[in-house]
Enquirer: 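Structure incoming, see below.
So that the names make sense, note that chain A is the first sequence line, chain B the second, and so on, each numbered from 1. Heavy atoms only: backbone and side chains are in, while hydrogens, waters and symmetry mates are out. Keep in mind that what you see is a predicted model, and the values were worked out from it rather than measured.
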Amino acid sequence: MRLSKLVGKRIKETPKDAQTTSHIFLVRGGYVRQVSTGIYTLLPLAKRIKSKVEAIIRKEMNSIDGQEILMPVVLPGELWEESGRLQRVGPELLQFSDRNKKNMILGMTHEEAVVHAVRSDVNSYKQLPVMLYQIQTKYRDEARPRAGLIRVREFTMKDAYSFHTTQDCLNTYYQQVHEAYDKIFKQIGLKNVVSIQSDPGMMGGNTSHEFMAIADCGEDTIFMSPDGDYKANKDIAQSLLKHEYEEALPMEKVHTPGKKTIDEVAEFLNVPTSKTGKAVFYVDADDTVVFVVIRGDIEVNEVKLKNCLNIEEIQFATDEQIRQIGCVPGYASTLNINFEKVRVVFDLSAANEPNLIVGANEEDYHYKNFNFSRDMASASENIEIIDLAVVKEGDPCPVTGQPLILKRGIEIGNIFQLGTKYSKSMGCTFLDQHGKSQHMIMGCYGIGVGRIIASVIEQSNDKYGPVWPFSIAPYHVHICAVDSKKTEVKLAAEDLYSKFLDEKTEVIYDDRSEKPGSMFNDADLIGVPLRIIISPKTLKRNEVEFKTRDGSRKEFIVLEDTVEFIKREIDKFRV
RNA sequence: CGGGGCGUAGCGCAGUCUGGCAGCGCGGCUGCUUUGGGAGCAGUAGGUCGCAGGUUCGAAUCCUGCCGCCCCGACCA
């Protein structure tokens with residue numbers, strides 16, 4: 001490729017819309033052009049990188065017996081009605097009417113579509129297990145796209161779906177996919193990817209992992225133990241709180257006039273907030289009140305709450321709703337309430353901490369020395385005790401007890417065990433050895449291609465631009481012809497370029513008569529791993545200069561040996 | 001969806017408060033000089049000042065409405 005013809009111009013100034021490293025370099029390097037919020041055209045350089053990423057993914061998916069298919073972007077709404085997700089997903093799902101007023105959607109994920117294909121094509125245990133995958137455009141009507149390719153509305157995703165006769169078979173295959181993902185990210189050249197336990201969210205199912213590219217600009221928060229043995233998304237991370245042993249003291253009513261919040265009560269009674277029990281009230285979609293008690297210094301993790309209670313929507317309760325279950329807002333506790341009207345949940349912290357301050361369910365009064373095991377014993381059948389705590393950096397790791405470390409990550413892939421959620425709702429069955437109809441057991445597995453490109457830049461760059469790993473670099477060799485108005489430079493550069501083309505080397509050639517500084521800066525923005533510089537200076541000695549983009553090597557090579565030399569360098573990357 | 005910011009040449013911006021010739025730098029094109037980390041000189045092209053309406057002799061500038069984009073938050077397979 002001649003740089004003079006390459007579409008996607010490099011720019012010197014940082015565009016004002018770009019804030020994160022990857023976004024800045026994608027724009028400055030002429031890789032992408034924004035069309036609308038969260039919608040981008042990939043220009044030639046980015047398209048080449050994307051194709052290489054896809055080839056690596058495709059190879060590994062094929063190696064675990066994946067069969068590539070292509071499902072439609074536009075799907076009939078009725079297919080999503082079958083699974084029940086049409087109503088559940090919300091405004092992220094873009095819907096519209098076709099000319100016959102039929103409700104259509106743009107696919108944001110393809111469980112429904114793949115089940116539609118499999119249920120009519122796979123009927124026997126003899127055909128199972130099977131995995132189908134595609135690399136295709138997804139559309140999600142994101143509320144707030146951001147940071148270039150990191151959160152977009154339209155993007156390319158590899159999505160794979162496996163179908164099994166038994167849970168054991170799914171477990172084994174899930175592990176295989178996990179290993180395939182590790183290989184993919186390693187081949188792509190991502191330096192720091194971790195797989196963590198995650199919340200399955202709207203996908204449903206139980207077991208799931210996210211693959212996070214560690215990067216400061218990442219949107220996801222991860223907690224890890226110092227040794228890396230424990231790692232989890234903040235939504236499900238746990239911590240091991242220590243509770244100092246104390247003798248349970250007799251409960252004592254105290255006057256706390258006008259002190260409603262935890263901070264006010266703790267200050268008034270001169271105790272740390274960790275010695276208080278906080279009452280937090282939610283209502284679910286049916287207006288059932290959920291009464292959560294948690295230690296005053298800890299926040300309620302609403303993702304955990306939703307998962308543990310198996311409900312999809314929660315909101316804070318109003319004061320009126322709190323009063324309806326017999327509690328006094330600001331002075332609420334679980335003492336003397338009617339458990340029939342309310343679902344009571346204690347966080348482990350509040351259940352285990354001795355001698356807490358809690359509300360008295362009476363205006364301007366609290367109780368001292370509440371002890372869950374003693375004071376709630378009579379109601380224990382009506383109370384759930386679960387972990388609902390928001391984990392903070394430095395909290396003790398649940399496995400090792402060491403302080404947890406907080407990291408930020410970009411979610412570049414995920415794997416889910418779906419179970420029979422979709423096969424049951426959509427009637428995806430097979431006949432087993434006994435001729436009996438069974439629901440298939442499913443897994444699904446995604447990789448975001450655009451996010452990988454952005455993540456690679458985030459993890460591999462210097463102040464001049466991206467440093468592409470060889471495996472996904474847009475080209476392998478970049479020729480800079482310095483002072484190319486001089487005939488000897490022009491001839492040598494053109495000759496070298498055509499020889500590289502003959503060898504099918506992926507080469508980009510800066511054939512412009514720019515100043516060296518412009519050429520080098522552009523070359524850095526393009527980030528090609530191997531660089532050849534030809535100039536009057538080097539040609540005087542019948543040499544060219546060889547440099548690597550990462551700055552690790554710089555040497556001079558006899559002009560005639562250049563093509564062979566580069567071939568050997570490229571071969572090194574291929575082992 | 002809430003909060004904040006921005007919209008003027010391809011890009012970055014000034015001009016808006018206080019209404020009166022549409023400007024600067026970079027980039028583009030032509031020519032000459034220059035060639036190892038974003039050169040110099042000369043010439044030249046490029047504008048619906050986001051859109052619509054209003055006020056005014058006169059609007060990029062004031063008023064009203066709308067649209068778009070960025071950031072923070074909520075949300076997020």
Side-chain angles (χ1 to χ4, degrees), chain A residues 4 8-20 23-24 27-28 30 33-39 80 83 85 88-93 107-112 138-148 150-153 155 157-161 198-205 208 210 217 219-220 233 235 302-303 306 313 315-316 411 413-416 418 421-422 444-448 451 462-465 480-486 489-490 510 512-525 531 533-540 544-545 547 551 554 556:
Chain A
S4 60
K9 69 181 168 205
R10 275 90 32 219
I11 53 175
K12 190 156 64 174
E13 282 161 301
T14 298
K16 66 168 176 177
D17 286 351
Q19 316 267 331
T20 55
H23 191 192
I24 290 168
V27 175
R28 284 198 48 213
R33 182 149 314 279
Q34 183 173 2
V35 179
S36 178
T37 303
I39 298 181
W80 278 56
S83 70
R85 282 207 292 193
R88 269 214 308 280
V89 169
E92 246 187 48
L93 181 66
M108 57 191 292
T109 172
H110 279 76
E111 283 74 17
E112 285 81 359
K138 298 278 183 279
Y139 188 89
R140 293 182 189 176
D141 213 11
E142 290 284 349
R144 188 158 95 80
R146 59 176 288 274
I150 289 173
R151 178 159 293 270
V152 289
R153 292 194 288 176
F155 57 99
M157 178 170 162
K158 185 283 299 174
D159 48 323
Y161 307 88
S198 63
D199 168 39
M202 88 168 197
M203 296 301 298
S208 68
E210 292 169 337
C217 71
E219 306 179 285
D220 291 280
N233 190 298
D235 292 337
E302 295 181 4
V303 176
K306 283 194 252 188
E313 275 310 314
Q315 281 183 296
F316 283 121
E411 185 186 350
N414 50 34
I415 55 180
F416 295 88
L418 297 173
K421 179 179 153 96
Y422 296 93
C444 77
Y445 319 92
I447 291 181
R451 278 188 179 178
D462 61 20
K463 68 174 175 171
Y464 296 108
C480 292
V482 172
D483 199 2
S484 63
K485 281 194 177 158
K486 293 215 166 60
V489 174
K490 190 75 183 167
D510 193 341
R512 305 167 303 169
S513 56
E514 289 293 319
K515 298 280 287 187
S518 304
M519 285 192 167
F520 297 153
N521 278 297
D522 278 353
D524 288 343
L525 278 171
R531 187 178 306 174
I533 304 159
I534 306 179
S535 73
K537 231 164 62 180
T538 63
L539 283 180
K540 229 177 257 174
V544 300
E545 184 185 340
K547 260 177 98 168
K554 173 178 164 155
F556 292 91

Enquirer: Which part of the nucleic acid, if any, lies within reach of A:Met519 when heavy atoms closer than 4.0 Å are counted: base, sugar-phosphate only, or nothing?
Expert: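 The residue A:Met519 makes no contact with any strand.
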Enquirer: Is there a side-chain polar atom (N or O) of A:Gln19 under 4.0 Å from OP1 or OP2 of B:rC72?
Expert: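 No, A:Gln19 has no side-chain N/O under 4.0 Å of OP1/OP2 on B:rC72.
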Enquirer: Using OP1 and OP2 only, check whether a side-chain N or O of A:Arg146 sits under 4.0 Å from B:rC72.
Expert: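 Yes, because at least one side-chain N or O of A:Arg146 sits under 4.0 Å from OP1 or OP2 of B:rC72.
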Enquirer: Judged by atom type as modelled, is there a donor-acceptor pair below 3.5 Å linking the side chain of A:Lys158 to the main-chain atoms of A:Tyr445?
Expert: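 The answer is yes, because a donor-acceptor pair under 3.5 Å joins these two groups.
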Enquirer: Can you find a side chain N or O atom of A:Arg144 that sits less than 4.0 Å from OP1 or OP2 on B:rC72?
Expert: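 Indeed, a polar side-chain atom of A:Arg144 lies that close.
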Enquirer: What is the base-pairing partner of B:rC69, counting Watson-Crick and G-U wobble geometry with both distances under 3.5 Å?
Expert: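 Across any shown strand, B:rC69 pairs with B:rG5.
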Enquirer: Is there a Watson-Crick or G-U wobble partner for B:rA45 with both distances under 3.5 Å, and which nucleotide is it?
Expert: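 Check on B:rA45: unpaired, no WC or wobble geometry under 3.5 Å.
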Enquirer: Hunt down the Watson-Crick or G-U wobble partner of B:rA52, both distances under 3.5 Å, from any strand shown, or write none.
Expert: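 Because both required distances fall under 3.5 Å, B:rA52 counts as paired with B:rU64.
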Enquirer: What integer number of Å spans the P atoms of B:rG23 and B:rC49?
Expert: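 Roughly 13 Å separates the two P atoms.
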Enquirer: Would you measure the distance from the C1' atom in B:rC66 across to the matching atom in B:rC57 and give it in whole Å?
Expert: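 Here B:rC66 and B:rC57 have their C1' atoms 29 Å from each other.
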Enquirer: Distance check, P atoms only: B:rG20 and B:rG47, in whole angstrom units.
Expert: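 Looking at atom P only, B:rG20 and B:rG47 are 23 Å apart.
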Enquirer: Measuring from A:Asn414:CG to A:Asn233:CG, what's the distance to the nearest 0.5 Å?
Expert: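 Atom-to-atom, A:Asn414:CG and A:Asn233:CG are 11.0 Å apart.
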Enquirer: For nucleotides 29-37 of chain B, list the nitrogen or oxygen atoms of the protein found under 3.5 Å from its nitrogen or oxygen atoms, one pair per line.
Expert:
{"from": "B:rU34", "atom 1": "O4", "to": "A:Lys485", "atom 2": "NZ", "distance (Å)": "3.4"}
{"from": "B:rU35", "atom 1": "O2", "to": "A:Glu514", "atom 2": "O", "distance (Å)": "3.2"}
{"from": "B:rG36", "atom 1": "N7", "to": "A:Ser535", "atom 2": "OG", "distance (Å)": "3.3"}
{"from": "B:rG36", "atom 1": "O6", "to": "A:Ser535", "atom 2": "OG", "distance (Å)": "2.6"}
{"from": "B:rG36", "atom 1": "N1", "to": "A:Glu545", "atom 2": "OE1", "distance (Å)": "2.6"}
{"from": "B:rG36", "atom 1": "N2", "to": "A:Glu545", "atom 2": "OE1", "distance (Å)": "2.3"}
{"from": "B:rG36", "atom 1": "N2", "to": "A:Glu545", "atom 2": "OE2", "distance (Å)": "3.2"}
{"from": "B:rG37", "atom 1": "O6", "to": "A:Lys547", "atom 2": "NZ", "distance (Å)": "2.8"}
{"from": "B:rG37", "atom 1": "N1", "to": "A:Asp524", "atom 2": "OD2", "distance (Å)": "2.9"}
{"from": "B:rG37", "atom 1": "N2", "to": "A:Asn521", "atom 2": "OD1", "distance (Å)": "3.1"}
{"from": "B:rG37", "atom 1": "N2", "to": "A:Asp524", "atom 2": "OD2", "distance (Å)": "2.4"}

Enquirer: Given that both distances must come in under 3.5 Å, which nucleotide forms a Watson-Crick or G-U wobble pair with B:rG12?
Expert: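 Answer to the pairing question: B:rC24, which forms a Watson-Crick or G-U pair with B:rG12.
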Enquirer: In Watson-Crick or G-U wobble terms, both distances under 3.5 Å, what is the partner of B:rG19?
Expert: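 Looking at the geometry, B:rG19 pairs with no nucleotide.
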Enquirer: How would nucleotides 6-13 of chain B be written as a contact map, 5' to 3', with B for base contact, S for sugar-phosphate-only contact and - for no contact, using protein heavy atoms under 4.0 Å?
Expert: S---SBSS
Enquirer: So A:Asp159, base contact, sugar-phosphate only, or nothing? Heavy-atom distance under 4.0 Å.
Expert: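 Contact class for A:Asp159: none.
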Enquirer: Whom does B:rU35 pair with, Watson-Crick or G-U wobble, provided both distances fall under 3.5 Å?
Expert: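 The answer is none; no pair meets the criterion.
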Enquirer: Could you tell me how far B:rC69 sits from B:rC29 if I compare only their P atoms? Round to whole Å.
Expert: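 These two P atoms come out 31 Å apart once rounded.
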Enquirer: Touch check for A:Ala481, heavy atoms < 4.0 angstrom, all strands: base, sugar-phosphate only, or nothing?
Expert: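 Since no nucleic acid heavy atom lies under 4.0 Å of A:Ala481, the category is nothing.
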Enquirer: Answer whether the closest heavy-atom distance between the side chains of A:Asn521 and A:Lys12 falls below 4.5 Å.
Expert: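 A:Asn521 vs A:Lys12: side chains apart.
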Enquirer: Under 4.0 angstrom, heavy atoms only, what part of the nucleic acid is A:Leu93 near: base, sugar-phosphate, or nothing?
Expert: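 If one applies the 4.0 Å heavy-atom cut-off, A:Leu93 turns out to touch nothing in the nucleic acid.
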Enquirer: Is the closest basic N to carboxylate O distance between A:Asp483 and A:Lys537 below 4.0 Å?
Expert: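 Salt bridge: no.
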Enquirer: Rounding to an integer number of angstrom, what distance separates B:rU8 and B:rG50 when you compare their C1' atoms?
Expert: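 The answer is 10 Å between these two C1' atoms.
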Enquirer: What integer number of Å spans the C1' atoms of B:rC21 and B:rA59?
Expert: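 The answer is 14 Å between these two C1' atoms.
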Enquirer: For B:rA45 and B:rC63, measure between their C1' atoms and round to the nearest Å.
Expert: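 It comes out at 37 Å once rounded to the nearest Å.
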Enquirer: Would you say that A:Glu411 contacts A:Glu219 through its side chain, given a criterion of any heavy-atom pair below 4.5 Å between the two side chains?
Expert: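 SC-SC contact between A:Glu411 and A:Glu219 ruled out.
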Enquirer: Between A:Glu411 and A:Arg10, which is nearer to the 5' end of RNA chain B once each is assigned its nearest nucleotide?
Expert: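 That would be A:Arg10.
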Enquirer: Mapping A:Thr37 and A:Gly448 to their closest nucleotides on RNA chain B, which lands nearer the 5' end?
Expert: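 The residue mapped nearer the 5' terminus is A:Thr37.
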Enquirer: Name the nucleic acid region contacted by A:Tyr445, choosing base, sugar-phosphate or nothing; use a 4.0 angstrom heavy-atom cut-off, strictly under.
Expert: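 Nothing, no heavy atom under 4.0 Å.
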Enquirer: One thing to verify: whether A:Lys463 and A:Asp524 come together as a salt bridge, which I'm taking to mean a side-chain N less than 4.0 angstrom from a carboxylate O.
Expert: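 Result for this pair is no, no salt bridge flagged.
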Enquirer: Can a donor-acceptor pair be found, under 3.5 Å and without considering hydrogens, that links the side chain of A:Arg28 to the backbone of A:Leu525?
Expert: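 No; judged by distance alone, with no hydrogens or angles, the pair does not exist.
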Enquirer: Expressed in whole Å, how much space separates the P atoms belonging to B:rG4 and B:rG65?
Expert: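 After rounding to an integer number of Å, I get 16 Å for this pair.
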